[in-house]
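First up is the structure itself, then whatever we jot down about it.
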Amino acid sequence: MKQRFRKRRIVHPAERLSQNQRRLLREHTGVREPNWKQMRERDFSYYMRSLDLFWDSWKEFLMKEQRDAYFHLIVGIKTCTYQNYIEKIRQREREIESPLLESVLQIYSCASRPKWTEDAERFVDQFKTKPVSPEPTKAGMDGGCKC
């Protein structure tokens, strides 16, 4: 009976991140993670503000990952290697332990997309229309000058 009325501690979303996710975030930001336990005991309000900042950094990291996944999707569509790039996105999902593919496909299927998607598509189209390394022609073998 007492357990039902026991007050539960509210867990901050940043506290729910796995060790792997926190490692990826440290690698992305280049910042060392503080001693959370010591910080919590010393100053709880500072601890909570730090968790908020940490969570904001995680959300920025996920947004970057989503943009990268969208870029991979567009490259896969434009180069007709869709399945390879979908597998790369799924692999990254497993690495960061957060879904990417579903949201990226949802964004791609929308009639009005965010501006950053247009930039990514324009970037991929730029490389699709301009060959990166054109086939070389031998001097004097091109059939004459066409001026």
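- In this structure, the side chains of Arg67 and Lys64 stay at 4.5 Å or more apart for every pair of heavy atoms.
- A salt bridge is defined here as a Lys NZ or Arg NE, NH1 or NH2 lying under 4.0 Å from an Asp or Glu carboxylate O, and Arg40 with Glu15 meets this definition.
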Before giving the answer on side chain to side chain contact (heavy atoms under 4.5 Å, CB included), spell out for Arg22 and Gln19 the whole-Å C-alpha distance, their side-chain angles and the decisive distance to 0.1 Å.
CA-CA 5 Å; Arg22 292 181 5 221; Gln19 287 284 82; 2.9 Å; yes
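- The residues Asp119 and Arg122 are annotated as salt-bridged, a charged nitrogen and a carboxylate oxygen being separated by less than 4.0 angstrom.
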Please walk me through it: do Ser45 and Asp43 pass side chain to side chain donor-acceptor pair (under 3.5 Å)?
-> CA-CA 6 Å; Ser45 62; Asp43 186 355; 3.1 Å; yes
Quiz prompt | Worked verdict on Lys115 versus Glu118 for salt bridge (Lys or Arg N to Asp or Glu O under 4.0 Å) | solution = CA-CA 5 Å; Lys115 176 145 176 44; Glu118 296 169 8; 5.0 Å; no
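- Of all the heavy atoms in Val104 and Ala69, the pair that sits closest is CG2-CB, 3.7 Å.
- Hydrophobic clustering, with ILVMFWY side chains joined whenever heavy atoms are under 4.5 angstrom apart, groups Phe44 together with Leu51.
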*asked:* One pair to check against salt bridge (Lys or Arg N to Asp or Glu O under 4.0 Å): Arg94 and Glu87. What are the steps and the verdict?
replied: CA-CA 11 Å; Arg94 287 188 291 273; Glu87 187 52 41; 3.0 Å; yes
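- Using a cut-off of 4.0 Å between Lys/Arg side-chain N and Asp/Glu carboxylate O, Glu102 and Arg90 are scored as not salt-bridged.
- In this structure, the side chain to side chain contact (heavy atoms under 4.5 Å, CB included) partners of Asn20, at least two apart in sequence or on a different chain, are Ser18, Arg23, Leu24, Glu97.
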Practice task
Determine, stepwise, if the pair Arg32 / Arg26 fulfils side chain to side chain contact (heavy atoms under 4.5 Å, CB included).
Solution key: CA-CA 6 Å; Arg32 224 179 54 160; Arg26 283 193 310 267; 5.6 Å; no
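- Side-chain heavy atoms closer than 4.5 Å link hydrophobic residues (I, L, V, M, F, W, Y) into clusters, and following such links, possibly through other members, connects Tyr46 to Trp55.
- Among residues at least two apart or in separate chains, ring pair (Phe, Tyr, Trp, His ring centres under 6.0 Å) pairs with a member in residues 65-87 are Tyr70-Trp116, Phe71-Phe123, His72-Tyr85.
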Mind running side chain to side chain contact (heavy atoms under 4.5 Å, CB included) on Arg42 and Tyr47 for me, showing each step along the way? CA-CA 8 Å; Arg42 196 174 322 142; Tyr47 169 75; over 6 Å; no
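- The distance from the CD atom of Gln83 to the NZ atom of Lys88 is 13.0 Å, given to the nearest 0.5 Å.
- Across Ile89 and Leu73, no two heavy atoms sit closer than the pair CD1-N, 4.0 Å.
- The cationic group of Arg113 lies under 6.0 Å from the six-membered ring centre of Tyr108 and within 45° of the ring axis, placing it in a cation-pi geometry.
- One hydrophobic cluster, built from ILVMFWY side chains closer than 4.5 Å, cannot hold both Met63 and Val31; they sit in different ones.
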* Asked: What do the steps show when you test Ser103 against Gln66 for side chain to side chain donor-acceptor pair (under 3.5 Å), and what is the final call?
  -> CA-CA 8 Å; Ser103 63; Gln66 186 179 41; 3.1 Å; yes
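- The side-chain heavy atoms of Pro13 and Trp58, taken from C-beta on, include no pair separated by under 4.5 Å.
- For Thr81 against Val75, the heavy-atom pair with the smallest separation is OG1-O, 4.5 Å.
- Residue-environment remark: CD (Glu27) exceeds the threshold of 12 foreign heavy atoms within 6.0 Å.
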Apply the test side chain to side chain contact (heavy atoms under 4.5 Å, CB included) to residues Ile96 and Phe61: give CA-CA distance (whole Å), side-chain angles for both, the deciding distance (0.1 Å), then the verdict.
CA-CA 10 Å; Ile96 67 172; Phe61 173 75; 4.1 Å; yes
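- At distances below 3.5 Å, at least one donor-acceptor pair connects side-chain atoms of Glu93 with backbone N or O atoms of Leu100.
- Here Leu25 contributes atom CG and Glu60 contributes atom CD; the two are 9.5 Å apart, rounded to the nearest 0.5 Å.
- The distance from the OG1 atom of Thr117 to the CD1 atom of Ile107 is 7.5 Å, given to the nearest 0.5 Å.
- Separating the OG atom in Ser50 from the NE2 atom in His12 is a distance of 10.0 Å, to the nearest 0.5 Å.
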